[in-house]
Each structure stands twice: as structure tokens, then as C-alpha cells.
Amino acid sequence: MTTYLPPRGASVFAHLLKFLLLACVIAFPGMCQAALFVSSWRPISEEDKNMTAPQVDPDAGAEILLRELKIEDNWTWTKKDLYVRIKVFDERGVELIKNFHIDCHKDEKVNSIKAQVLRPDGTVVALEKGDIFEREVFDEGDKRVRRYSYAYPGLVPGSIVEYQLHAVREGFANETLVNMGARLPIHKSVFMFKPPVKDICVLYSEHMLPEGMEKSNWSDYWTAEVNDVPAFPDRGLMPPVLDLMPWVAIHYEWHWDNLKRDNYWSYYSRYLAKQARYKVKVSSGVVKSKAIELTRGVDGSAEKLRCLYNFCTTQISNIEEPGSGYSMIDIDKMDKNDSASETLSTGRGTENDINILFGAMASALGFDVNIAWCNNRNRMAWNINYQTGFMVPQTAIVIKENDKLNYYQPGRRFVPFGMMNYGNEETVAVIGNEEKAEYALTSSVDSSKSMLIRKADLVLDEEGNISGEVRMRYTGHKSHSLRSVYMDLSDDDRESRVIDAFREQVGGAELTDIQFLNLEDMTKDPELRFKVKVSGYADLVDERIFFEPVFFEKSVVPKLSEPTREYDMCFPYKWESRDVLRIRYPENCTFQPGGEPQSVIDDEALGYVVKVIHSEKDHSITLARNFKVNVLKFPASIYDQIKTIFDAIALEDHRILSLTIDEDESEGE
């Protein structure tokens, strides 16, 4: 849905928005100017105080009673006021919200955060200023935010929690996207927006409830209200939040003609073509010399591009990423790189700077280079009718070879050579073009390019304990995911995280000698190695040992447990796991054949192939298991069929084999 706000003073204002803001986190460009705020607490009704059960979701431990967001934009600064009231019903609700945090954009200046708890006995406990802790973190892996953390004092079931935030930033609210989804159900949510005097304001929204917006009599704010909004479904393999929950994007234009869809995206293509012409296709002598140096003696276009790519990912520091050593204050003090040569000479830059350097070096070697902005389908689906930069948030260098467009993102953290950030696969890219809007559908790599290869050499003893060595190698998007989790952790935190993650697969596992190989070497696949022991892995019954041969899936629960489903099953990327493990058993035991795991499916989209080999000579069982998901989405309409397959796979993963403990012949002599 699209709504237009004419410039202030215009006579026409047609239904501004049929929507409501249910914002959990609001992404703003920065804030740094002080303003005056009203920070008194609102009266609480007796009905809210006496409420004992949730109203929107019967199973909710806590619900938001009121959420009010105000945005005021006067063009030179933008002010944001947020007021939230939450009712806690039980201990689950206490656990859910007791340790709270608010994330703000890296440039946002928060003037005030206040919070208080109204306990069931009527006492009010206010949060002290010293209880609020500010730190810089990376949300979604690589997005810098300021996190304000605190714990609600004296929180018990029946309490009412309130908090309010007041902030301001320099500049206007153009290209602001507000995520209106919440992790709690909401009784009443209000959005108030005051646009600037100049230019045309356009608001794009999705998944909005049909409530109109009207102008308040006492102010220049336009207001919308909606009630009884459910929380985002807490289920696995869900579509992106912004594909299901309400959101609004703000966009300003100076002329009505620019709001025509083709004109809008043509501007993007022309802008990218201009960037390619002046920053990529015209490279300095130092950039060309470096490109020649890096590829001297290298044959083949792919290998030459790999050399350039590896240089950019390993030798140029991305100042925006975690672990760079640069704080937001440091970055604000730096001069921006205006060219590829500056990025090369300083040895550092933003994600876009590094992409541009790679493109400039490739162009210097004669490659046909362009620039694209790509949709991230893991955040929201592409929609050509929504004229907002959030439709295409990420940059890629496009190199055309043999009429094929290949995309490269060396500035995007952990993306392997020859691949895109997985959210940019199988979606739309807007490409530089001087004359018209140009779009392209990006492809995705096959599941075999993103593999988790697990190997284990294990020994099962007569007491049912199992122990041995495990090696895991990660390729493609799997390596991307691994590095995103572990790269910036301390050694102790890495070890703790590995142990917790593996115990979700194999309950009770004890891990020692944990080692990462190639974790920081972006030119190689990372590996994880450790020794493992699981006491009581097998069951002993009447001189028999019963055990599950699919070791890595011992404690994994079925992925699709719900009987029905209304949402598509979405995967972040295509991937495979390949397991090869050998389990040696005691020499005084005899393997009882029968009941071995069997293959379920070997299709192009989905595969589960397993093979078990028994060696009486070595007293061992060798299991090879290949599982793959080679699609990004299964529609909800075929959920029954997919669930049947996944249930069958879970059954095979938990097959039980048995050994018979042979009697000691010497006992009868």
C-alpha cells in the first residue's frame, strides 16, 4: 500500500496510512541534537491493573498494553518518542522481559531512557540511571547499533512495566524503515507522524490492518491506531519477519513525476551507472599496477578474479565489521574514501569501498564491470511497487562474462569467492544502466557448494559409553554461518558455544581439545576438531547393547513438528550435510544385523541417502549419511508431503542397532 503526503499547505490529503506501528526496533540513520520531551508517566487504568490473563494470545506470558511511537521531522532534525506499557502475567513473562535492551542506530543520540515497574501490591520501583548500560554491538551479525541494557527491578507476575525513550538526530527521516513486528502480542498500538514542510512524502506499508489515519485536532501529527495484534509466530523455517508483519517505509521526493515506478527505478540504474563510470571503470595507475601485480603469472579469468577477491577480503580492513578494532567514534573521525585508490592506500574502508576497489582492479584488467543493488530476500521479498532503498539494501560488483552476469561481494563479511551473500540469492538486483531501469534475477549456488562435512572415529565400550575424535569442515554458506557466529568471540566463549551447540545434537556430550582451523583465513574452508565422550550413550539390557548409529543426530528433534502449517517453509540457503563415521565395538560383542537406517529420498530438491557397512573383522560399523536441501522454499500447500518426508528422515536418524555380549568361554571350564 502506498500513501502520499503532499507538501505542507496542499489541499489534498488522501487516507495517509491504513496501518499501525508495532515497532520493536526502529532503524534510524543517526541522532545528535537535543530536544525537549514530555517524560511523565501516563495514568494506568484499574482494568489494566486487575488484568490477570492475556487477551490477544491465551498462551502469552506477557502482552504489550500500549505502544505509542511519535516521529517528528522538521527537515533539519528528526525527533522520536517511544512509550511502551507491558503487562506480565506469569513467570514465563518475567523471564522473557526481565533482562531488557533497546537497540538504536549507530548515529542515534538517546536523550532519555526511563523505566519503572508497578508491582501487584501497588509499589512502584523506578529504574535508576546507573542501571542502564550502553555498549556497541553488532545486530544481525554486521550492523552496528548502540545497545542500552537494563534489568527491570522487582519484576514479578502481575507487574506492569513501562518504559519510554526520547531521541533526536540531525537530518530528516527520508528512507527510514520501521519494523512494526513485535515479539509480544499488542493490545493497542499508535503511530504518530509529523512530516516536514517541504517536498512530497510517500509512505509504503505492508501487512497493515485496515484502520485509517486522521489528523489530530491539537497538532500537526497524523495518527493511526490498531488493536489486538498477534506476535510474530515462534516457529522454525519461517519467512522473514517483514514478509509477515506490518512495516512502513518513508520516502521523500521533490516532484510527483519521480513517484512513477519506472522513473524511480530508472534513477537508481542511472545512479549506479554513474558510480560505475567514475569510480570503477576509470581506475588510477596505482590500482591498475596493484591488479597486475596480484595476477602476474595467473591464467584464467576466474583465477585472476579470485586473486583480486582474496586480496580485498584479507588485506583491506572493513572498518564497519565486528573485530575491525574501530569503534563508531573512530569511524566518525575518519575521512571517507572518495576513490578506489584511497581505499588501497589506506588499507581500510567500508563494505562499499572494498567492493568498489575490487571492481576497479577487475576493470583495470579488462573485465566488463558494473554495479548492482540487491534485494535481501531473508529480510523482505522484492516488490517493484515499493519505492524505497530497503528493497535493495546491499551492493554487489557485477562482471559480465559470456553474456552471464556474475556477482561479487568482497566487502560483505565472510562471503566466499564466487558466491553472493545468501540473502541476495534468487531475488532481484537493480543494475547500473544509463538509459533505463535494469533488473536481473540473481541465481543461487547448488547445495553441494555449502556443505557441512562431519567425520567421527568412535569407540563404544561394554558399559555403553562412546568416545572418539570428531572433525567438521564447512564450505560455502556454511563457512559464512560458522564465521558469523565464532569469529569475534574469545577462545573461552568459542569453546563454550561449541559445547552448547554440540550438546543440542548429542545430549550429555563432553568435549575436550577443541580446535578451530582456518577460521580467520578467508581463502580456506574452516574446520572444527575436538575429542568427545558420551557416558551412557547406549542402553544395556540382558547382555545386549542398544545404540543409535547416526551419532550426530542423537538428540535432534524433528524439524517439522506442527500438524499443520499456514506459512511457507523457508531456508536461508541451499545446503548439505555429509556424515562419515566409524563406530568400533568390543571384540567380545557380536553385531546383530537388521534395523539399519535406510535411504528415504534422493530427489533434486531434497535428499536423504544413508548406507551402513558392518565389518566383522574390524568389529566396526561405518555409516555414510548424506542429507541435502536444494531449494530455498517449500510452499505451505505441500506441507503434508514435506512433513511426511522429514518425519521419515527423523525415524531413520533414530534407528537402533544392537550388539550381543558374548559369554566368556573360560567361565564354563
Side-chain angles (χ1 to χ4, degrees), residues 142 275-276 278-326 331 334-372 394-401 405-421 424 445 449 474-477 479-480 483-484 487-488 517-526:
D142 53 14
Q275 291 289 301
Y278 291 110
K279 290 194 173 184
V280 172
K281 296 182 179 179
V282 178
S283 57
S284 67
V286 65
V287 171
K288 184 173 183 178
S289 296
K290 190 64 179 180
I292 294 173
E293 174 192 334
L294 292 171
T295 58
R296 185 173 289 117
V298 177
D299 295 326
S301 59
E303 289 308 308
K304 288 182 178 181
L305 291 173
R306 185 189 297 273
C307 291
L308 304 182
Y309 193 95
N310 289 344
F311 173 80
C312 289
T313 58
T314 62
Q315 303 303 312
I316 306 297
S317 176
N318 187 333
I319 61 176
E320 297 175 321
E321 69 182 23
S324 68
Y326 298 103
I331 295 173
M334 292 180 183
D335 293 331
K336 294 182 179 179
N337 294 341
D338 292 325
S339 65
S341 59
E342 288 188 17
T343 303
L344 180 61
S345 63
T346 60
R348 66 188 184 212
T350 64
E351 174 185 333
N352 189 62
D353 292 338
I354 297 172
N355 287 337
I356 292 296
L357 173 59
F358 170 78
M361 289 195 296
S363 179
L365 295 180
F367 288 94
D368 184 356
V369 182
N370 207 334
I371 304 177
Q394 291 169 322
T395 305
I397 295 298
V398 185
I399 297 180
K400 188 175 183 179
E401 295 182 274
L405 299 180
N406 297 314
Y407 300 84
Y408 301 88
Q409 297 172 306
R412 189 71 183 167
R413 205 178 190 212
F414 308 139
V415 174
F417 173 76
M419 304 175 73
M420 300 185 73
N421 179 50
N424 302 139
V445 295
K449 301 295 184 181
Y474 302 76
T475 73
H477 294 318
S479 70
H480 183 169
R483 288 185 166 112
S484 297
M487 179 73 88
D488 302 307
L517 282 69
N518 307 324
L519 186 63
E520 299 180 4
D521 187 346
M522 299 299 297
T523 66
K524 298 179 181 179
D525 295 330

Donor + acceptor pair across side chains of Thr523, Asn310 (<3.5 Å): no
Gly411 versus Asn318, closest heavy-atom pair with distance: O-ND2, 2.9 Å
Ile397 CD1 to Phe367 CZ distance, which is reported to the nearest 0.5 Å: 13.5 Å
Test log, rule side-chain contact (heavy atoms from CB on, under 4.5 Å), inputs Thr343 and Ile356: CA-CA 9 Å; Thr343 303; Ile356 292 296; over 6 Å; no
Step-by-step side-chain contact (heavy atoms from CB on, under 4.5 Å) determination, Leu305 to Glu401: CA-CA 12 Å; Leu305 291 173; Glu401 295 182 274; 4.0 Å; yes
Least distance between heavy atoms, Met420 atom then Ala396 atom: CE-CB, 4.5 Å
Closest contact, heavy atoms only, Ala372 versus Val398: CB-CG2, 3.5 Å
Flag side-chain contact, heavy atom, 4.5 Å: Leu517 against Lys524: no
Ring geometry between Tyr309 and Phe358 (parallel below 30°, tilted from 30 to 60°, perpendicular above 60°): perpendicular
Partner residues of Thr350 under the side-chain contact (heavy atoms from CB on, under 4.5 Å) criterion, sequence neighbours left out: Ile319, Glu320, Asn352, Asp353
Straight-line distance of Glu342 CD to Leu357 CG, nearest 0.5 Å: 11.5 Å
Asn421: side-chain contact (heavy atoms from CB on, under 4.5 Å) partners, not counting sequence neighbours: Asn376, Gln394, Gln409, Arg412, Val415, Asn424, His480
Minimal non-hydrogen separation, Gly476 against Met419, with atom names: CA-SD, 3.6 Å
Salt bridge (Lys or Arg N to Asp or Glu O under 4.0 Å) contacts touching residues 301-310 (sequence neighbours left out): Glu303-Arg306
Test side-chain contact (heavy atoms from CB on, under 4.5 Å) applied to Val280 and Asn370, Asn355, Ile371, the passing residue: Ile371
Cys312 versus Met361, closest heavy-atom pair with distance: SG-CE, 3.6 Å
Nearest non-hydrogen partners of Ile316 and Gly349, listed with the distance: CG2-N, 4.4 Å
Inter-residue atom distance Tyr278.OH - Asp338.CG, 0.5 Å rounding: 15.5 Å
Rounded distance [0.5 Å steps], CG in Leu344 versus CG in Asn337: 10.0 Å
Main-chain N/O of Thr475 paired with Asp525 side-chain donor or acceptor, under 3.5 Å: no
From Ser317 atom OG to Ile354 atom CD1, the distance as rounded to the nearest 0.5 Å: 7.0 Å
Audit row: Leu308, Leu365, side-chain contact (heavy atoms from CB on, under 4.5 Å) steps and yes/no: CA-CA 10 Å; Leu308 304 182; Leu365 295 180; 3.9 Å; yes
Any donor-acceptor N/O pair, Arg483 side chain to Glu520 backbone, under 3.5 Å: no
Spacing of Gln315 atom CD and Arg348 atom CZ [to the nearest 0.5 Å]: 15.5 Å
